[in-house]
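Written below as structure tokens is the structure these notes are about.
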Amino acid sequence: MTESTDLGPEDRKIVTLARSVRARNAVPEGAAVRDETGRTYAAGTVALESLKLSALQTAVAMAVASGATSLEAAAVVSDASAASDADRAAVRDLGGPDTPVLLAGPDGTLRSTVAAG
């Protein structure tokens with residue numbers, strides 16, 4: 001297991017943003033992505049009757065809606081033990097198969113890093 005302090009400053013930033021969204025909005029997951037220009041997008045879980053998106057799917061959608069054409073990295077803060085296939089697919093669609101997906105626990109401790117591919 002890698003501590004979040006072992007991350008570079010830009011990756012640490014998206015983990016911190018994801019953690020903040022999760023706590024502030026009292027949602028099951030928080031996520032953040034960094035696009036090709038260094039802009040970040042942070043989001044929480046969307047759970048409407050007519051629309052259900054994970055936090056990472058929402059963050060990717062926000063990036064696309066804002067004109068991002070690629071992703072450098074993605075982070076999810078969750079109780080889950082692994083990033084879901086659907087989350088990795090969303091990151092892969094915009095960032096490609098080698099885009100890292102960081103999974104951290106609610107305390108911000110990095111649990112794993114996997115490629116979106």
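Index from 1, following the sequence. Just so we're clear, the structure is a prediction, and the values are computed from it rather than from any experiment.
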May I have the list of side-chain donor-acceptor pairs in residues 93-102 shorter than 3.5 Å, sequence neighbours left out?
| unit_1 | atom_1 | unit_2 | atom_2 | d |
| --- | --- | --- | --- | --- |
| Thr99 | OG1 | Gly95 | O | 2.8 |
| Thr99 | OG1 | Gly96 | O | 3.2 |

Heavy atoms, side chains only, cut-off 4.5 Å: are Ser81 and Arg111 in contact? no
Glu72 vs Val33 side-chain heavy atoms within contact, under 4.5 Å: no
Members other than Val21 in its cluster, when Ile, Leu, Val, Met, Phe, Trp, Tyr link by side-chain heavy atoms under 4.5 Å? none
How close do [X] and [Y] get, heavy atom to heavy atom, and via which atoms?
{"X": "Ala43", "Y": "Ala55", "answer": "O-CB, 3.6 Å"}
{"X": "Leu17", "Y": "Ala42", "answer": "CB-CB, 4.2 Å"}
{"X": "Pro106", "Y": "Ser78", "answer": "CD-O, 3.5 Å"}
{"X": "Ile14", "Y": "Ala32", "answer": "O-CB, 3.4 Å"}

With sequence neighbours left out, what residues match [X] under side chain to side chain donor-acceptor pair (under 3.5 Å)?
{"X": "Asp35", "result": "Thr37, Arg39, Tyr41"}
{"X": "Asp85", "result": "Arg88"}
{"X": "Arg22", "result": "Asp79"}

First locate atom CE of Met62, then atom CD of Gln57, and finally report the distance between them rounded to the nearest 0.5 Å. 14.0 Å
As an exercise, state the distance from OG1 of Thr113 to CG of Asp11, rounded to the nearest 0.5 Å. 7.5 Å
Side-chain donor or acceptor of [X] paired with backbone N/O of [Y] under 3.5 Å:
{"X": "Arg92", "Y": "Ala116", "value": "yes"}
{"X": "Arg34", "Y": "Thr40", "value": "no"}
{"X": "Arg19", "Y": "Ala104", "value": "no"}
{"X": "Asp107", "Y": "Thr109", "value": "yes"}

Here the side chain to side chain donor-acceptor pair (under 3.5 Å) pairs for residues 60-69, sequence neighbours left out, are Glu36-Thr69
Quick check on side chain to side chain contact (heavy atoms under 4.5 Å, CB included): which of Val76, Val114, Leu71 does Val91 satisfy it with? Leu71
Treat each ILVMFWY residue as a node, draw an edge where side-chain heavy atoms are under 4.5 Å apart, and state whether Val15 and Val60 are in one component. no
